[in-house]
Amino acid sequence: MIDLKLLRENPELVREAVRDKKFTCDLDAIFDLDVNRRDIFTRTQEARSRQKAANAEVAGLPKGSPEFLEKIKRMKELSQEVKELQKQQQEVDAEWNRLMLTVPNIPHESVPVGKDEDDNQQVSAWGDPQTVSADAQPHYDLPVFKKFVDLAGGVKVTGAGFPFIVGPMARLVRTLLRFFLDEAAAAGYVEVMPPLLVNAASATATGQLPDKEAQMYEVPQDGLYLIPTAEVPLTNLYRDTIFETGELPLRHVAYTPCFRREAGSYGKDVRGLNRVHQFDKVELVKWVLPENSFDELESLRMDSENILQKLNLPYRVLLMCSGEIGFPHAKQYDLEVWAGGQKRWLEVSSCSNFTDFQARRGNIRYRGQDGRPHPVHTLNASALAIPRTLAAILENNLEADGRIRLPEVLIPYYGEKYLT
RNA sequence: GGAAGGGUGGCAGAGUGGCCGAAUGCGCUGGUCUUGAAAACCAGAGUGCCCGAGAGGGUACCGGGGGUUCGAAUCCCCCCCCUUCCGCCA
């Protein structure tokens, strides 16, 4: 939710932000409603005040006395007036809320204005893609791929995009999850296992609803959604909470499966493990004081980058442009790993600062120096998404004899040097 | 899924139609007293919104939503959640 004060005092900034982000929402309708809403609120309040005063008088009169009956008679009129105003207030407020939920967050000033991926800025890179063997293969073309990943089995049992991971690959997934979680714990994140289904209020607070409803699998019978990322249940754990300042920053890490409908995806993007409907991911979430949030974003990004470095996978860091960052995002970095077989970059992590946007929607606050509650800032990052990490390892670590070499750091975890 | 009992301020807990934003106790904050602490005593203390430069004032909130009534924490209806028992089940 956008800050109402900002919207009132600086409507052009918001208008520009909406345009830069390529979202549409009816700001003019909000401005009109805002005036109307305040007027009705004030009038309702005044009428209600008169009613309460009259009630206090009646309370002192003997029940059934002539004065009592006379007074009641006059108060019926007032009661009608109050009811009418309250009805109007409800209607205006509901519409106002509906519209407010469609206004995206404002991009931070450091975010480049742009319309598509060509306008993203590479801010850094690590490792050398050239070191990957020239005859590396896309993971889905490797002879061992069929042994490790059973796409056809998934299609039979569920549908496209729900692969079975088999044998050494399943073991590698388990290894990676443990490694990721251990790294996060060492960096100070408290591990939690959240629910994999969330209600509509949760999906609204983090910004999936109403903006990205089509992305989520739904269980209509129970009014629940399968989580597209652990961000949703994690962030919502502290919905309607007031933190004491000493409790921040708060850091959590969670491993969860993630479910995404990915409607409209096609072609090379969905081959092999590049994009699937169900995947495993380890997610980091932080709740921080507003004044620290952009520093916290950098350290969060480093937490994700460290994992890629330890895995010895070449990657680059992109600062996403205004047109590419999501609805609730103020600033977002994507970490893209080099997949030497496909000779392309695959996004394995997205590191984001949502500033106070999710906190306002979810009513997540801290008590400030002034003793009053204020919205916290929320951030999150993947560390990391499993399938594309697997793809990168398969493609970059192929030996001449056809075996897949494990990153050094995983050998003690996995117990062997090669994926067998 | 069925039955019964419940959901009130940080916690416990009173309140069954009007002066209840809500007793009381505990906890918390400040003060008095004390060399210091404890005890005792005094005072304060929720969140949102509206009006106001401010002081302050108003209003809403007793799980959520609707209804009855001049007036609802209190009565009625629907939903959610918790506890216990039964059923089912990893």
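Proteins come first, then strands; the chains are lettered A, B, ... in the order of their sequence lines, and each starts at number 1.
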Earlier contact from the 5' end, RNA chain B, for A/P373 and A/Q45: A/P373
Atom C1', compared across B/G46 and B/U8: separation rounded to whole Å: 13 Å
Options B/C19, B/C70, B/C49, nucleotide nearest the side-chain atoms of A/F41: B/C49
Touch class at under 4.0 angstrom, heavy-atom based, for A/R43 against every strand present: nothing
Closest listed nucleotide, where the reference is the side chain of A/R38 and the choices are B/C50, B/U47, B/C19: B/C50
Sub-6.0 Å ring centroid separation between A/F259 and A/H277: no
Closest to side chain of A/K83, choosing from B/G18, B/C50, B/U69: B/U69
Distance, P atom - from B/C82 to B/C28, rounded to whole angstrom: 31 Å
Gap between atoms CG and C1', on A/D370 and B/G46 respectively (whole Å): 15 Å
d(CG, A/L224; C1', B/C80) in whole Å: 12 Å
Integer-rounded Å distance: B/C79 P and A/D222 CG: 15 Å
Parallel, tilted or perpendicular: rings of A/Y238 and A/W287 (30°, 60°): perpendicular
Under 3.5 Å: donor-acceptor pair, side chain of A/S304, backbone of A/A383: no
Sugar-phosphate only, base, or nothing, as touched by A/R37 at under 4.0 Å among non-hydrogen atoms: nothing
Whole angstrom value for the distance that separates P of B/U47 from CZ of A/R239: 20 Å
Sugar-phosphate only, base, or nothing, as touched by A/E46 at under 4.0 Å among non-hydrogen atoms: nothing
Pair A/E46 + A/R43: basic N to acidic O under 4.0 Å: no
Atom-pair distance (CD on A/Q86; P on B/U68), nearest Å: 13 Å
Heavy-atom pair of closest approach, residues A/S322 and A/G114: OG-N, 3.0 Å
Nucleotide forming a Watson-Crick or wobble pair with B/C11, both distances under 3.5 Å: B/G25
Watson-Crick or G-U counterpart of B/C19, or none if no pair lies under 3.5 Å: none
Between B/U69 and B/C86 - P atom distance, rounded Å: 44 Å
Pairing partner of B/G1 (Watson-Crick or G-U wobble, both distances under 3.5 Å): B/C86
Between B/G64 and B/A73 - P atom distance, rounded Å: 12 Å
Sugar-phosphate, base or nothing in reach of A/R372, heavy atoms under 4.0 Å: sugar-phosphate
Phosphate OP1/OP2 of B/G71: any A/S79 side-chain N/O under 4.0 Å: yes
Interatomic distance, A/S352 atom OG to A/F357 atom CZ [nearest 0.5 angstrom]: 13.0 Å
Nearest-angstrom distance, P atom, B/U84 to B/G31: 45 Å
N/O (side chain, A/R48) to phosphate O (OP1/OP2, B/A60) under 4.0 Å: yes
Short side-chain donor-acceptor distance under 3.5 Å, A/Q45 and A/R48: no
Gap between atoms CE and P, on A/M75 and B/G18 respectively (whole Å): 14 Å
Below 4.0 Å: OP1/OP2 of B/A60 and any side-chain N or O of A/K52: yes
Who pairs with B/G48 - Watson-Crick or G-U, where each distance is under 3.5 Å: B/U59
Partner nucleotide of B/A72 by Watson-Crick or wobble geometry (both distances under 3.5 Å): none
Interatomic distance where CG belongs to A/D3 and C1' belongs to B/C49 [whole Å]: 15 Å
Between C1' of B/C50 and CG of A/L85, the distance in whole Å: 14 Å
Spacing of the C1' atoms in B/U68 and B/C76 (rounded, Å): 7 Å
Pairwise C1' distance for B/C62 and B/C20, with rounding to whole Å: 10 Å
Span that lies between the C1' atom of B/A22 and that of B/A72, in whole angstrom: 13 Å
B/G66 phosphate, OP1 or OP2, under 4.0 Å from A/Q90 side-chain N/O: yes
B/U35 - base-pair partner by Watson-Crick or wobble geometry, distances under 3.5 Å: none
Nearest-nucleotide comparison on RNA chain B, the residue closer to the 5′ end among A/N55 and A/T42: A/N55
Touch class at under 4.0 angstrom, heavy-atom based, for A/E57 against every strand present: nothing
Test of ring centre spacing under 6.0 Å for A/Y255 and A/F180: no
